[in-house]
Visitor: 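Quick one: structure below, then a few questions.
Here the structure is a predicted model, which means the values were calculated and not measured.
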Amino acid sequence: MQKMQKKFATDFIWSVAALGTMNGVLQLFVYPFLNRQLGQSDFGNVLYVLGIVAVFAPSVGLAANNIRLVESREKKVLNGDLALAMLPLLAVSGIMLFAVCNGYFSGVSDCVAAVLLLVFTTLRYYGDVEYRMTLNYKGYFVYYLVLSLGYIAGALLYPLTKSWFLCFLLGEAAVWLLLVVKGHVYKPLQKSENTAAVSKKVLVLAASYLLVNMVLNLDRVLLQHLIDSSTVTVYYVASLLGKTAALLVGPLNGVVIGHLTKGKTKPVTKKSFSLVSCAVLLAGAVLFAGISAVMPLFVKLLYPDIYTPVLSVSVLANLSQIICFASSLLLTIMLTFCSERWQFAIQSVYAAVFLVLSIAFTNQNGLQGFVTAGLAANSLRLVFTLGAGLLILIKKEKTEASV
């Protein structure tokens with residue numbers, strides 16, 4: 001048991017280091033750099049396009065990633081199964097990206113670059129399953145280190161290329177090439193007899209993730225259309241530390257589902273789910289207190305030109321983000337003991353509530369209304385997740401006890 005706990009803790013540290021490096025490079029270097037180069041309004045447009053990519057890419061890539069982990073416990077799953085599952089979803093995503101962002105492209109080259117960014121970002125989200133399947137989190141760290149170095153190279157080349165797309169494309173393409181050369185998840189592309197079943201599960205889970213990713217990035221879309229692009233930048237900065245602190249949830253998600261699907265830990269029970277839920281809420285409270293303390297200094301140093309409007313909404317914006325990612329962690333744990341349809345049901349309610357509240361509140365009270373709506377919707381999702389998880393486990397334990 002002690003050895004397993006040590007392995008879990010070590011994997012978590014490597015995972016945090018991996019995603020912390022990537023997001024540190026983005027939040028502390030690439031994004032501030034682009035904001036200075038482009039200005040507040042144009043940078044808001046860049047965030048809008050990246051927001052659309054961030055809706056589709058993780059929805060498809062993570063769905064394929066997690067389904068491969070979960071299904072591999074009981075079924076034979078091969079590379080071709082996931083490739084065939086992702087292909088039509090990528091095609092639809094590319095069409096939607098073009099339709100929604102066409103007005104933000106200056107020519108054919110921008111359109112091609114945007115589609116390539118979507119494809120490579122999706123493959124990056126799927127590709128780290130290479131390391132999660134084998135619990136090789138040192139390799140996972142190297143994967144995201146290469147990605148981060150690619151981002152830095154792309155940003156440094158911006159004065160020559162004048163293409164913000166390349167700031168991100170270099171990194172995404174680099175890790176894809178890394179797996180093509182040294183990995184196993186892209187070759188050989190063979191199918192198993194479970195292709196249809198795997199594709200169906202990927203579709204359902206991708207739809208679930210699409211709903212929540214739409215909400216997570218809806219700030220850029222709604223604020224762009226309901227107010228203006230400058231407000232996109234203000235809200236992005238206001239919620240930035242909440243999103244960054246919640247990065248702990250991403251690594252923890254990966255390590256938890258990786259270990260649970262390897263069968264090296266006991267099945268989730270009502271008691272263990274309750275304890276994990278309490279720990280998540282406590283960690284969220286600690287993170288919120290820390291963020292509230294450092295937020296003024298952070299904004300003053302990196303975004304002094306929008307200091308006042310950012311601080312006016314930062315408290316509620318960051319609290320909303322922490323609650324959102326807390327429920328995301330619990331939903332990931334639920335994936336190991338209940339159908340992916342539960343994910344879809346909870347995320348559907350969440351997306352509907354968020355959309356209705358955010359439009360109504362934003363029209364009534366501007367950015368402050370939008371932040372309030374996000375906090376209300378995320379709190380409701382957390383309650384739904386906790387309730388559904390406990391009810392499913394109670395029913396499951398009663399059924400097992402009666403057999």
Visitor: For the side chain of Asp81 and the backbone of Val198, is there at least one donor-acceptor N/O pair under 3.5 Å apart?
Guide: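 Absent.
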Visitor: Heavy atoms only: give me the nearest Ala113-Phe165 pair and the separation to one decimal.
Guide: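 In terms of heavy atoms, the two residues are closest at CB-CG, 3.7 Å.
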Visitor: For Ala155 versus Val30, what's the shortest heavy-atom pair and its separation?
Guide: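 Closest approach of Ala155 to Val30, heavy atoms only: CB-CG2, 4.4 Å.
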Visitor: Check whether any side-chain heavy atom of Thr269 sits under 4.5 Å from a side-chain heavy atom of Leu393, and report yes or no.
Guide: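 The answer is no, as the side chains (C-beta and beyond) never meet within the 4.5 Å cut-off.
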Visitor: With rounding to the nearest 0.5 Å, note down the distance linking OH in Tyr125 to CE in Met86.
Guide: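 Separation between the atoms: 14.5 Å.
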Visitor: Test Leu166 against every option in Leu157, Leu117, Thr161, Leu160 by the side chain to side chain contact (heavy atoms under 4.5 Å, CB included) rule and name the one that passes.
Guide: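 Considering Leu157, Leu117, Thr161, Leu160, a side chain to side chain contact (heavy atoms under 4.5 Å, CB included) with Leu166 is found only for Thr161.
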Visitor: When you compare the side chain of Trp164 with that of Asp110, does any pair of heavy atoms fall below 4.5 Å?
Guide: no
Visitor: Distance check, rounded to the nearest 0.5 Å: Leu375 atom CG versus Leu316 atom CG?
Guide: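 Atom-to-atom, Leu375:CG and Leu316:CG are 6.0 Å apart.
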Visitor: Quick one: does Thr362's side chain have a donor or acceptor within less than 3.5 Å of a partner on Ile359's backbone?
Guide: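 Pair absent, no side-chain N/O of Thr362 close to backbone of Ile359.
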Visitor: Parallel, tilted or perpendicular for Phe33 and Phe29, by the 30°/60° rule?
Guide: parallel
Visitor: Distance-only, no hydrogens or angles: does the Tyr186 side chain make a donor-acceptor pair with backbone N or O of Val181 under 3.5 Å?
Guide: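 Absent.
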Visitor: Backbone N or O of His184 within a donor-acceptor pair of the Glu130 side chain at under 3.5 Å?
Guide: yes
Visitor: So, do Met295 and Val310 sit near enough that their side-chain heavy atoms are less than 4.5 Å apart?
Guide: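 Answer yes - side chains close enough.
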Visitor: Tell me if a side-chain donor or acceptor on Asn378 pairs with a main-chain N or O of Gly374 at a distance below 3.5 Å.
Guide: yes
Visitor: Would you say Lys187's side chain and Val180's backbone share a donor-acceptor pair under 3.5 angstrom?
Guide: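 At least one qualifying donor-acceptor pair exists.
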Visitor: Go through the steps to decide whether Thr122 and Trp176 satisfy the test side-chain contact (heavy atoms from CB on, under 4.5 Å), and finish with yes or no.
Guide: CA-CA 10 Å; Thr122 302; Trp176 171 79; over 6 Å; no
Visitor: Around atom OH of Tyr158, are there more than 12 heavy atoms of other residues, nucleotides or ligands at under 6.0 Å?
Guide: yes
Visitor: Are side-chain heavy atoms of Val315 and Ile291 found at a separation under 4.5 Å?
Guide: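 Counting from C-beta outward, Val315 and Ile291 never come under 4.5 Å.
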Visitor: Test of understanding: with salt bridge (Lys or Arg N to Asp or Glu O under 4.0 Å), list the residues that count as partners of Arg381, not counting sequence neighbours.
Guide: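 Here no residue qualifies.
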Visitor: Under 6.0 Å between ring centres, would you say that holds for Tyr350 and Phe384?
Guide: no
Visitor: Can you tell me if Ser93 uses its side chain to pair, donor with acceptor, with the backbone of Leu89 under 3.5 Å?
Guide: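 Side chain of Ser93 to backbone of Leu89: a pair is present.
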Visitor: Check whether the ring centres of Phe370 and Phe361 lie less than 6.0 Å apart, and answer yes or no.
Guide: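 No - the distance between ring centres of Phe370 and Phe361 does not fall below the 6.0 Å cut-off.
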Visitor: Less than 4.5 Å apart, side chain to side chain, heavy atoms only: is that true for Cys111 and Phe98?
Guide: yes
Visitor: We want to know whether Tyr126 and Arg68 form a side-chain donor-acceptor pair, criterion being a heavy-atom distance below 3.5 angstrom.
Guide: yes
Visitor: Donor-acceptor pair, distance only, cut-off 3.5 Å: does the side chain of Asn318 make one with the backbone of Gly242?
Guide: yes
Visitor: Quick one: do Tyr31 and Tyr236 satisfy ring pair (Phe, Tyr, Trp, His ring centres under 6.0 Å)? Show the steps, please.
Guide: CA-CA 11 Å; Tyr31 287 161; Tyr236 166 77; 5.5 Å; yes
Visitor: Let's go through Gln368 and Val313 carefully: what are the C-alpha distance in whole Å and the side-chain angles of both, what is the deciding distance for side-chain contact (heavy atoms from CB on, under 4.5 Å) to 0.1 Å, and is it a yes or a no?
Guide: CA-CA 6 Å; Gln368 188 69 46; Val313 296; 3.5 Å; yes
Visitor: What's the spacing between Lys396 NZ and Leu391 CG if we round to 0.5 Å?
Guide: 14.5 Å
Visitor: At what distance, to the nearest 0.5 angstrom, does CG of Leu47 lie from CG of Leu223?
Guide: 11.0 Å
Visitor: OH of Tyr151 to CZ of Phe168: how many Å apart, nearest 0.5 Å?
Guide: 7.0 Å
Visitor: Would you check if the side chain of Gln364 reaches a backbone N or O of Gly369 as a donor-acceptor pair within less than 3.5 Å?
Guide: no
Visitor: Answer with yes or no whether the side chains of Ser277 and Ser274 bring together a donor and an acceptor at under 3.5 Å.
Guide: no
Visitor: Is there side-chain contact between Val175 and Leu179, with heavy atoms separated by less than 4.5 Å?
Guide: no
Visitor: Kindly give the heavy-atom pair with the smallest separation between Leu170 and Gly150, and that separation in Å.
Guide: CB-O, 3.6 Å
Visitor: Report the C-alpha separation of Phe141 and Tyr137 in whole Å, then their side-chain angles, then the decisive distance to 0.1 Å, and conclude whether the ring pair (Phe, Tyr, Trp, His ring centres under 6.0 Å) test is met.
Guide: CA-CA 6 Å; Phe141 172 77; Tyr137 283 93; over 10 Å; no
Visitor: Is any side-chain heavy atom of Gln37 less than 4.5 Å from a side-chain heavy atom of Phe43?
Guide: no
Visitor: Quick one: CG on Leu367 to OH on Tyr235, what's the gap to the nearest 0.5 Å?
Guide: 8.0 Å
Visitor: Does the separation of the ring centres of Tyr303 and Tyr307 fall below 6.0 angstrom?
Guide: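 Judged by ring-centre distance (under 6.0 Å), Tyr303 and Tyr307 do not meet the cut-off.
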Visitor: Check Leu210 against Ser59 and note the closest heavy-atom contact, atom names and distance.
Guide: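 So the minimum-distance heavy-atom pair works out to CA-OG, 3.1 Å.
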Visitor: If you take all heavy atoms of Ser358 and Leu222, which pair is closest and at what distance?
Guide: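 Residues Ser358 and Leu222, closest heavy atoms: OG-CD1, 3.2 Å.
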Visitor: Can you name the closest pair of heavy atoms from Cys167 and Leu34 and give their distance?
Guide: SG-CD2, 4.1 Å
Visitor: With side chains defined as the heavy atoms from C-beta onward, is the minimum distance between Lys76 and Leu78 less than 4.5 Å?
Guide: yes
Visitor: Indicate yes or no for a side-chain donor-acceptor contact from Asn65 to the backbone of Gly61 under 3.5 Å, with no hydrogens or angles considered.
Guide: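 Side chain of Asn65 to backbone of Gly61, a donor-acceptor pair under 3.5 Å: no, none is there.
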